[in-house]
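Single-structure report; data block below.
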Amino acid sequence: MYNDLGISAETVKLVEDAENDCKEEFEQIDEACNYNSLKVLRAFHKNQVTESCFNSTTGYGYGDYGRDVIERVFRDVLGAEDALVRTQFISGSHALNVCFFALLRPGDTLLSISGKPYDTLDEVIGIKENKSSLKSFGVKYKQIDLIDNDFDYDKISEFLKNNKVKVVEIQRSKGYSTRKSIDLAKVGKVIKLIKKIDENIIVMVDNCYCEFVSESEPTAVGADVMVGSLIKNLGGGIAPNGAYIAGRYDLVQLAGERLTLPGEGRDVGPTLGINKQILQGLYFAPSVVASALKTAILTSRVMERMGYEVEPKYNEERSDIVQNIVFRDRDKLIEFTKGIQEGSAIDSNAVIEPVNEPGYTDKIVMASGSFTQGSSIELSCDGPIREPYIAYMQGGLTYPYGKLGLMKAVEKIKNK
């Protein structure tokens, strides 16, 4: 059957040998999966999730009992005072946009302390001109870059002492940068510094790709609000769209009024039959995230054995599900991505080519043969066509499928 999939015995041997190197890391992932599964089940029981929660609403969505239960479950799983979980969020970037506009007013300053945010936020912030950006509404944006993959604590301290800042934004995952993703210990350390200088500063964390990778979330280390997507970790590959904003009650309320309208806020928003998928996705999420992490670790070890630069290495601590492979070669990046597409269940016959995507400056090559369009928790791989030609691979609903997808990608590179 490997031959039927175009996978050689040599590649199978390479992957199995690498797999043997990863046993200790896999055991640690299983421990975190068990703990996070306990959190989820406890939240389901506490909030008395019943079959009636699956019922659907239309129109305004008044009195949607299931929607309210979902938000209480997410609140408890994420360790927050409140949570807004809605299908009306198109993506994680949309939820981030809503959160920014909810918290910031004309004349306020937004400070990013993890360098430039993800490319899709350039026009939201105003780094790239757009008449609907925060900048166009008079919100100022400042940025402090990381130093050696850690926060520049001295520069942050100096800036906050000399400037009035309303919101500090931290993006934990690396996006399309070459830096490492940011672990919770560093997030907690910098939040203590910020709050010591001005306790009124709102610390907002982009938590996309990071949920359930460890046993706690940014709220546990002092974050005021955090944002994530349901077609990434917490959707478990089942939620068809949506995102969440979780944190302080007053901030989540503001986000609800920005998503809908002042005066109605979170009281409106039909669920259109999605409740069961959101709840089931969260239920499966700890196991799915564990499979994605195992796929990433195996990929790191296999590609390292093949002589490629990888980040993180297979035995390094992880903060998200993203695995970087540095090809330093345009064609190899494209071929590897083609292999991931060919190893997918959906659209495996699609031919991958770099294209211009909305929200990005460079052409993007992207493999996402997924059941849900653009789902990053399903096996996917993408990257900008720019030096040093890095593949950003993530996801894998099950580890065996993730491993098979990796084998197809390895074959494409070997043939190239």
Side-chain angles (χ1 to χ4, degrees), residues 5-8 10-15 17-19 21-22 115-116 118-120 149 173-181 209 292-316 318-344 347-348 350-357 360-370 374 376 378-396 402-416:
L5 288 174
I7 299 171
S8 67
E10 180 184 5
T11 295
V12 174
K13 179 67 163 56
L14 169 66
V15 171
D17 287 346
E19 192 174 34
D21 296 336
C22 303
K116 190 183 86 64
Y118 192 60
D119 296 35
T120 53
N149 295 298
S173 191
K174 58 180 72 75
Y176 278 160
S177 72
T178 57
R179 69 166 172 86
K180 293 179 182 291
S181 298
Y209 300 103
L293 285 169
K294 289 178 180 179
T295 300
I297 287 170
L298 180 66
T299 299
S300 179
R301 185 55 175 152
V302 167
M303 300 310 292
E304 184 181 35
R305 276 173 165 256
M306 292 180 69
Y308 293 99
E309 181 184 345
V310 296
E311 200 291 310
K313 294 186 182 298
Y314 80 99
N315 55 359
E316 289 183 321
R318 290 175 180 262
S319 302
D320 62 15
I321 63 170
V322 182
Q323 178 61 49
N324 288 16
I325 307 108
V326 184
F327 286 108
R328 303 190 186 279
D329 183 296
R330 178 184 184 276
D331 292 339
K332 286 184 177 179
L333 166 60
I334 294 171
E335 289 301 310
F336 184 87
T337 307
K338 285 182 177 180
I340 295 297
Q341 185 73 31
E342 291 179 9
S344 301
D347 294 325
S348 61
V351 178
I352 301 301
E353 296 291 345
V355 296
N356 293 310
E357 292 276 359
Y360 298 93
T361 302
D362 301 284
K363 284 189 174 183
I364 304 294
V365 61
M366 182 176 295
S368 183
S370 51
S376 300
E378 301 182 50
L379 186 63
S380 61
C381 183
D382 52 279
I385 303 300
R386 66 180 181 224
E387 293 183 347
Y389 300 109
I390 300 174
Y392 297 83
M393 178 179 158
Q394 57 272 315
K403 182 165 66 172
L404 288 169
L406 170 62
M407 289 179 178
K408 287 291 292 183
V410 167
E411 287 292 343
K412 295 291 287 187
I413 293 294
K414 284 167 57 181
N415 292 337
K416 184 65 181 178

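Residues: numbered from 1 along the sequence shown. Since the structure is predicted, the reported quantities are computational estimates derived from the model, not experimental observations.
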ask   = Minimum heavy-atom separation for Pro354 to Ile385, with atom names?
value = CB-CG1, 3.7 Å

message = Whether the Asn324 and Glu309 side chains hold a donor-acceptor pair (N or O, under 3.5 Å, no angle test) is what I'd like checked.
response = no

key: Whether Phe336 and Phe327 hold their rings parallel, tilted or perpendicular, with breakpoints at 30° and 60°   = tilted

key: Rounded distance (nearest 0.5 Å) linking atom CG of Leu333 with atom CD of Glu387   = 12.0 Å

task = Please name the pair of heavy atoms, one in Asp320 and one in Leu293, separated by the smallest distance, quoted to 0.1 Å.
result = O-CD2, 3.7 Å

request  = Rounded to the nearest 0.5 Å, what's the gap from CG on Leu298 to CE on Met303? Could you check?
outcome  = 11.0 Å

key: Pairwise side-chain contact, Leu379 with Met393, heavy-atom cut-off 4.5 Å (strictly under)   = yes

task = Please determine, by modelled atom types, if Thr11 and Glu411 share a side-chain donor-acceptor pair under 3.5 angstrom.
result = yes

ask   = So, do Arg305 and Asp17 sit near enough that their side-chain heavy atoms are less than 4.5 Å apart?
value = yes

request  = Measure the shortest side-chain to side-chain distance between Lys174 and Tyr392 over non-hydrogen atoms and say whether it is less than 4.5 angstrom.
outcome  = yes

task = Output yes when a side-chain donor or acceptor of Ser300 lies under 3.5 Å from a complementary backbone atom of Ala296, and no otherwise.
result = no

ask   = Is a side-chain donor or acceptor of Gln323 paired with a backbone partner of Glu311 at a separation under 3.5 angstrom?
value = yes

inquiry  = Using modelled atom types and a 3.5 Å cut-off, is there a donor and acceptor pairing between side-chain atoms of Asp347 and backbone atoms of Ala350?
reply    = no

task = State, yes or no, whether a side-chain contact exists between Leu406 and Thr295 at a heavy-atom distance under 4.5 Å.
result = no

Over all atoms of both residues, closest heavy-atom pair of Gln394 and Asp382 = NE2-OD1, 3.0 Å

task = Kindly compute the distance separating CD1 (Ile325) from OG1 (Thr299), expressed to the nearest 0.5 Å.
result = 6.0 Å

query = With distance as the sole criterion, is a donor-acceptor pair present between the side chains of Ser368 and Glu378 under 3.5 Å?
reply = no

key: Closest non-hydrogen atom pair, Ser173 against Ser181   = CA-OG, 3.6 Å

task = Look at the side chain of Tyr389 and the backbone N and O of Gly383, then say whether any donor-acceptor pair between them is shorter than 3.5 Å.
result = no

task = For the pair Asp362 (side chain) and Pro384 (backbone), establish whether a donor and an acceptor sit closer than 3.5 Å, ignoring hydrogens and angles.
result = no

task = Check whether any side-chain heavy atom of Thr337 lies under 4.5 Å from a side-chain heavy atom of Met366, and answer yes or no.
result = no

4.5 Å side-chain heavy-atom contact, Lys294 and Ile297 = no

request  = Would you indicate whether Glu316, at its atom CD, is surrounded by more than 12 heavy atoms from other residues, nucleotides or ligands within a distance under 6.0 Å?
outcome  = yes

key: Side-chain heavy-atom pair Ile334, Ile352 within 4.5 angstrom cut-off   = no

ask   = Rounded to the nearest 0.5 Å, how far apart are CE of Met407 and CD1 of Ile7?
value = 6.0 Å

task = Answer yes when Lys13 and Glu10 have at least one side-chain N-carboxylate O distance shorter than 4.0 Å, and no when they do not.
result = no

ask   = Atom CZ in Arg386, atom OG1 in Thr361: separation rounded to 0.5 Å?
value = 7.5 Å

key: Contact summary for Met306 and Ile413, nearest pair of heavy atoms   = CE-CG2, 4.2 Å

remark   = From the list Lys414, Arg330, Lys412, salt bridge (Lys or Arg N to Asp or Glu O under 4.0 Å) partner of Glu335 resolves to Lys412

request  = Rounded to the nearest 0.5 Å, what's the gap from OG on Ser380 to CD1 on Ile321? Could you check?
outcome  = 7.0 Å

